[in-house]
Protein chains: 2
Amino acid sequence: MNKPVTIKDRAKKFKCSPSTVSRALNNHPSINEDTRRNLQEYAQKVGYQRNQVSLSLLNKKTATIGVIVPTINNYHESAIIEGIESVLQPLGYTLNICVTNEQYLLESEYVEKLLSNRVEGIFLSVSQETYDCGHYEHLEQIKKRSIPLIFIDREYEGFATGSVIIDDYHGAFKAVEHLIKTGRKRIAHLKGPNGMAVAEERLRGYIECLKKYDLPVDEQLILNTNFKVESAIEPVTRLMNLPELPDAIFGVNDQVAIGAMKVIRDKGLSIPGDIAVAGFDNAPISAYIHPTLTSVARPGRQIGIEAAKIFTDYLQSSDAAFSSRHIILPSELIVRESTAG
Amino acid sequence: MNKPVTIKDRAKKFKCSPSTVSRALNNHPSINEDTRRNLQEYAQKVGYQRNQVSLSLLNKKTATIGVIVPTINNYHESAIIEGIESVLQPLGYTLNICVTNEQYLLESEYVEKLLSNRVEGIFLSVSQETYDCGHYEHLEQIKKRSIPLIFIDREYEGFATGSVIIDDYHGAFKAVEHLIKTGRKRIAHLKGPNGMAVAEERLRGYIECLKKYDLPVDEQLILNTNFKVESAIEPVTRLMNLPELPDAIFGVNDQVAIGAMKVIRDKGLSIPGDIAVAGFDNAPISAYIHPTLTSVARPGRQIGIEAAKIFTDYLQSSDAAFSSRHIILPSELIVRESTAG
DNA sequence: ATGCCACTTGCAAACGTTTGAAATTTTTTG
DNA sequence: CAAAAAATTTCAAACGTTTGCAAGTGGCAT
């Protein structure tokens, strides 16, 4: 690796002090016009790049923020990241994206590493395993260091800090209500992993809605998935073998809803004729598959933007009250063919 | 922001020198057992985290590598990132992910910033605009500094450096050949943006395959898209209004293929009965939509892994010959319902 | 008591940059 | 020409950590 040009190298070369070089490059007013021009031209020529590492050390500012997410391979997560980036990139921040794969260990290692790297803020979407095992010491670390921590999408309720989530409960409620109002009476739910707030909230929306309309909550119709399309196949197949079929399926996201659609079709049943299907996320593809999929829209990009705003507001005001900024973005039901009356 | 505990703080508190503290924490053998235990316990208690920034400065090693990609919001890109991460994370590296949105300006700014941050390697998927405008000075900068640069997915041919791409040409060729062999004679192509290597290679595969089988290359049947599902709608609608319809459509990726399927269905035609459709990428969803989509599999995760390996090999051998490591991964045709004979 | 050794700790420099204050040079003024 | 003022440059410290070398302590054999 070529050693990069440093200020000292050039000081030696030009027989002047490092301070002069530094000031010349920063257009400090008390530097002779000629000196400045010479040094700047030379810097240009050798392709000098300020060493940010040393600057970070000196200023105790790294202009880096950490983003910890469980996955990035689906539309929603990447939309969030894009949203964050769209606000913070113009401000000169660099994003340090860490993917936990839903693992507690990785999550906690990443927190450690980010703190060690002195990031100026952390955006975190809590991993499933962390919910499961209930360890939050790594979050305490962040708090202890007073690094702004902002939950995105998935929060840990016992922790007072900024958060941006969407209204999963009402989103699910609206979807199920729509199914009921279009005449469905036996609605199954493909739920997400146990203990994960997002999944539990949607389940709650589903159950409460059934109750409101005096429909029975049948445990047989509530099945586990892990958000992935393939995880819907086995449970829905089981569903299709029940003596009494459901007349609608509400999936915890579009992926499992699409998986469900495949099983239903393979069984020779029609959508929405025999069984209506609704999903959650409103992934772009949902508007184009056949039949087009009814889904609850989740404004991923907006989540990222709001989260980033909480962060920038905090920077402005240094206001510790930021920890009470809990933004709940509304979710919107997009009705399409898969649930047509 | 709470100032983090430093070594000096503790040196003062324990009336000993920073060196002792440092050594105690690193389990240096020549440190008294009691001293070590005391200091370690205290470190634990106050939640000390080594300041990586200062260490980076001292060692001239940041354990950070930059990844510059045009987008992250689709399956393929995120699979690549996951692949890179899976190799480099266990080695202690942090990924600095930058999304250019296909913009030259952002790409070049990000390169600048990464170099300034003294990353130890850069993985780059060239943005479309960069191809268009043909400016590669930012890449020269990387070379000048001898930072290992590895092209992923999209390369700039005029630049001798490591690269991992897939065999787009043969992938497209195989897809079109499959269409021809199942009896299609009038095959349309939804191509990607002009000038982008990935898109051009697939187009070339399409054209060469037609020629090989003595089919005419009809300019009317070659239409532009930008990889996004919605960008297929207008061109395919146009296609559907031709006096003589195509009997197959080969999309530059699954997204546009899915868009095409929608238009075809809306027109009242059947897939594959009237028109066969094939895509590229083998996104997970392709196996679940209706009809399931024939597609050329692109091993995104593998690309990331191979690219990361080029990097680690380079570290081991410090071998400048790494710049001649051009890996071309094979692409595999996955035949599904959408092209059934 | 002296010298030797082992064990433990401290000193100082280094990484690259910025910045207030001090020092030097140049210019202006009386 | 000398003194004051202005312009330019240098010095030194700072950010947090590590590490080779020097220095200190105490024990033990001579």
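Naming convention: chains lettered A, B, ... in sequence-line order (proteins, then strands); numbering from 1 in each chain.
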Legend entry - Interatomic distance where CG belongs to B/L39 and P belongs to C/dT8 [whole Å]: 14 Å
Inset, instruction - Considering just the side-chain nitrogens and oxygens of A/S22, establish if one lies under 4.0 Å of OP1 or OP2 belonging to C/dT18. - result: yes
Legend entry - Within residues 40-57 of chain A: residues closer than 4.0 Å to DNA chain C (heavy atoms): A/Y48, A/R50, A/N51, A/S54, A/L55
Legend entry - Heavy-atom donor-acceptor pair, B/R118 side-chain to C/dG16 base, under 3.5 Å: no
Legend entry - Phosphate OP1/OP2 of C/dT9: any B/S17 side-chain N/O under 4.0 Å: no
Legend entry - Separation of C/dT27 P from A/E33 CD (nearest whole Å): 15 Å
Inset, instruction - Report the nucleotide, chosen from C/dG10, C/dT9, D/dT17, that has the shortest atom-to-atom distance to any side-chain atom of B/R23. - result: C/dG10
Inset, instruction - Would you mind classifying the nucleic acid contact of B/T6 as base, sugar-phosphate or nothing, using non-hydrogen atoms under 4.0 angstrom? - result: sugar-phosphate
Legend entry - A/K113 side chain to B/Y93 backbone, donor-acceptor under 3.5 Å: yes
Legend entry - Residues A/T6 and A/D9: side-chain donor-acceptor under 3.5 angstrom: yes
Legend entry - B/I7 CD1 - D/dT17 P separation (whole Å): 5 Å
Inset, instruction - Pick base, sugar-phosphate or nothing for B/N59, based on heavy-atom distances below 4.0 Å to the nucleic acid. - result: nothing
Inset, instruction - Measure the acute angle between the ring planes of A/Y136 and A/H138, then classify it against the limits of 30° and 60° as parallel, tilted or perpendicular. - result: parallel
Inset, instruction - Tell me whether the OP1 or OP2 atom of C/dC7 has a side-chain N or O from B/N32 closer than 4.0 Å. - result: no
Inset, instruction - Write down the distance between CZ (A/F14) and C1' (D/dT9), rounded to a whole number of angstrom. - result: 16 Å
Legend entry - Nucleotide D/dG16, atom P - distance to NZ of B/K60 in whole Å: 20 Å
Legend entry - Contact nearer the 5' end of DNA chain D, comparing B/K8 with A/H28: A/H28
Legend entry - Sugar-phosphate, base or nothing in reach of B/L58, heavy atoms under 4.0 Å: base
Inset, instruction - Starting from C1' on D/dT8, measure out to NZ on A/K15 and report it in whole angstrom. - result: 19 Å
